[in-house]
Protein chains: 2
Amino acid sequence: MAHDHVMPTDLTRNQELVLGTLNHAPAPLSAYDILDLLRSEGLRAPLQVYRALDKLVERGLAHRLESLNAFVACADEHCHRKGLIAFAICEGCGKVDEFADAVIEERLGTWAGTTGFKVERTTMEIRGKCAECLKAA
Amino acid sequence: MAHDHVMPTDLTRNQELVLGTLNHAPAPLSAYDILDLLRSEGLRAPLQVYRALDKLVERGLAHRLESLNAFVACADEHCHRKGLIAFAICEGCGKVDEFADAVIEERLGTWAGTTGFKVERTTMEIRGKCAECLKAA
DNA sequence: AATCAATACGTTATAGCATAACGCTGCTGC
DNA sequence: GCAGCAGCGTTATGCTATAACGTATTGATT
Ligand SMILES: [Zn+2]
Ligand SMILES: [Zn+2]
Ligand SMILES: [Zn+2]
Ligand SMILES: [Zn+2]
C-alpha cells in the first residue's frame, strides 16, 4: 500500500524530480534536503527546487508544513483544491498524517461568518507522537 | 480598549523590552524587527531577542505565528496554558485575531483518540482579509 | 562567608531557509 | 516570423535561527 501516489504526466523535469523525491521520502523534506538528493540529477541551486515546489503546492500535489519549513507529497488523491487540510506530525518518527475534518471546517466557516473575516487559506498542524512511537516508548 | 495587556513584574530586562515592543505593535513582528526596534535600548544580537521570546512564548505571554515566522503578544489574559489557540491573520492590515474554539478542540481530541495520536501542541492559522479591510476594498 | 547550582547575559560565528534579478530557451498562437 | 508566456540556470543576496564560548547574577546550602 506504500507509494500509492499519482504522478501527473504534464510535469516539467524539475517538478517531476522534486515530486518523485517527496513521494519516496518517509518524512517531510526541506527544500535544501531535496536539493541535496537531486544533485546527482544535475540540480544545483535552491531556486530550481523552490520553483518546482511552488508549482506543486499550487496544484495541491505537495503541501508545505509551516511549522517545519518543510514539504510533503500530498497523500490523498482527492485533496486537491479542497478546503482545510490538517496535518498530524509525529515528533518521534517524522511521519505525517494528512486528514480533513468537515466539522472543523464548518466551525471555522461559522466563526468567519460572525466576524466578517474572509478566509483564504488555513494551516493546521498538530505536533505530537503517533501511536506506533508511543507503543515503542 | 487598546493596550489592555498585562505586564508581569518578574520579567528580566530583555524579556520586558521584547514584550513591551510586541504589546505596542499593531501587527506581528519578526525577531529581527524587534531587534531593530530595541537597538536604541542597547540590544545588539539576535540571540538576545530569541532568548527573551523563548521564555515569553513558554509562559504564554507571546505567541509564535509559524506561517509568518513572526511573533505577537498574547491578546488574552486567560489564554495561558490553555489548549488550542487559533489565529486569524489579515493579509491586508496585518492584524491578528486570537481566539479559541472548544468545538474544534474537542473534535481534534476525538480524532486523536481514534488514531492513537498524542497531541502535544497545535498550530492553527487562518489567512485572509478582516472585515475592515474588506469594507475598504 | 564560602560554595554551588541555576538562570540569564553578551558576543562571535555559523547554519538553515528563501528570494531578487538577470538573461536564455522553448514552446503556442497569431 | 514573432510576440507572449512559462520554465530554466546562475549569481548574489537577504532573512531566520542556533551553536559555542565565557561571564554575571541570583538564591539556596552549608
Ligand atoms: Zn493533500
Ligand atoms: Zn511516530
Ligand atoms: Zn494567547
Ligand atoms: Zn485587515
Side-chain angles (χ1 to χ4, degrees), chain A residues 7-22 25 27-72 89 91 94 96 121 123 125 127, chain B residues 7-22 25 27-59 61-72 89 91 94 121 123 125 127:
Chain A
M7 182 78 88
T9 58
D10 63 340
L11 298 175
T12 68
R13 171 176 157 79
N14 287 0
Q15 287 163 20
E16 192 179 305
L17 286 169
V18 169
L19 183 54
T21 304
L22 288 177
L29 297 176
S30 77
Y32 280 74
D33 291 339
I34 296 169
L35 176 57
D36 286 339
L37 290 168
L38 289 177
R39 285 194 192 280
S40 59
E41 298 291 344
L43 269 68
R44 299 163 181 285
L47 228 55
Q48 298 177 280
V49 175
Y50 279 109
R51 289 203 271 230
L53 284 170
D54 282 348
K55 291 301 175 192
L56 295 172
V57 169
E58 195 179 302
R59 292 182 54 173
L61 298 169
H63 300 293
R64 176 185 172 81
L65 299 176
E66 303 285 358
S67 67
L68 292 179
N69 293 330
F71 300 83
V72 285
I89 304 164
E91 317 252 47
V96 175
R121 162 167 97 267
T123 89
E125 301 178 14
R127 312 289 292 268
Chain B
M7 182 77 88
T9 58
D10 63 340
L11 298 175
T12 67
R13 170 175 158 82
N14 287 358
Q15 288 162 18
E16 191 179 307
L17 286 169
V18 168
L19 184 54
T21 303
L22 288 177
L29 297 176
S30 76
Y32 281 75
D33 291 338
I34 296 168
L35 176 57
D36 286 339
L37 289 168
L38 290 176
R39 285 194 192 281
S40 60
E41 298 290 344
L43 269 67
R44 299 164 180 282
L47 258 192
Q48 298 176 280
V49 175
Y50 279 109
R51 289 203 270 230
L53 284 169
D54 281 348
K55 291 299 175 194
L56 294 172
V57 169
E58 195 179 304
R59 292 184 55 173
L61 298 169
H63 301 292
R64 175 185 172 81
L65 299 176
E66 302 285 358
S67 66
L68 292 179
N69 293 330
F71 301 82
V72 285
I89 304 165
E91 316 253 48
R121 164 166 98 267
T123 89
E125 300 178 14
R127 312 289 293 269

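Per chain, numbering begins at 1; letters A, B, ... match sequence-line order. What you see is a predicted model, and the numbers here were worked out from it, not measured in a lab.
A distance-only check finds a donor-acceptor pair linking the side chain of A/Asp33 to the backbone of A/Ser30 [under 3.5 Å]. Counting only distance, with no hydrogens or angles, the side chain of B/Glu41 and the backbone of B/Leu38 share no donor-acceptor pair below 3.5 Å.
Along DNA chain C, the nucleotide nearest to A/Ala31 and the one nearest to B/Lys55 differ in position, and the one closer to the 5' end is contacted by B/Lys55. Along DNA chain D, the nucleotide nearest B/Arg64 and the nucleotide nearest B/Arg51 are compared for position; the residue whose nucleotide lies closer to the 5' end is B/Arg64. When the nearest nucleotides of DNA chain D are assigned to A/Ala52 and A/Pro46 by heavy-atom distance, the more 5′-ward of the two goes with A/Ala52.
Rounding to whole angstrom units, CG of residue B/Asn69 and P of C/dT19 are separated by 10 Å. In this structure, B/Tyr50 atom OH and C/dA13 atom P are separated by 19 Å, rounded to whole Å. B/Tyr32 has its OH atom 8 Å from the P atom of D/dA17, to the nearest Å. Across the protein-nucleic acid pair, B/Leu17 atom CG and C/dC9 atom C1' stand 13 Å apart, rounded to whole Å. Taking atom CG of residue B/Asn14 and atom P of nucleotide C/dA8, one finds them 11 Å apart after rounding to whole Å. The CG-P distance, from A/Leu29 to C/dC17, rounds to 11 Å in whole Å. One interatomic measurement links the two molecules: CD of A/Gln48 to P of C/dA20, which rounds to 17 Å at whole-angstrom precision. For B/Leu47 and C/dG16, the CG to C1' distance is 15 Å, given to the nearest whole Å.
Contact check on A/Arg64 versus A/Glu66 returns a salt bridge, with a Lys/Arg side-chain nitrogen under 4.0 Å from an Asp/Glu carboxylate oxygen.
Contacts of B/Ala45 with the nucleic acid, taken as non-hydrogen atoms under 4.0 Å apart, include base atoms.
The nucleotide whose nearest atom lies closest to any side-chain atom of B/Thr12 is, among C/dC9, D/dT10, D/dG7, C/dC9.
Across A/Leu22, A/Leu61, A/Asn14, A/Leu29, a single residue satisfies side-chain contact (heavy atoms from CB on, under 4.5 Å) together with A/Leu53, and that is A/Leu22.
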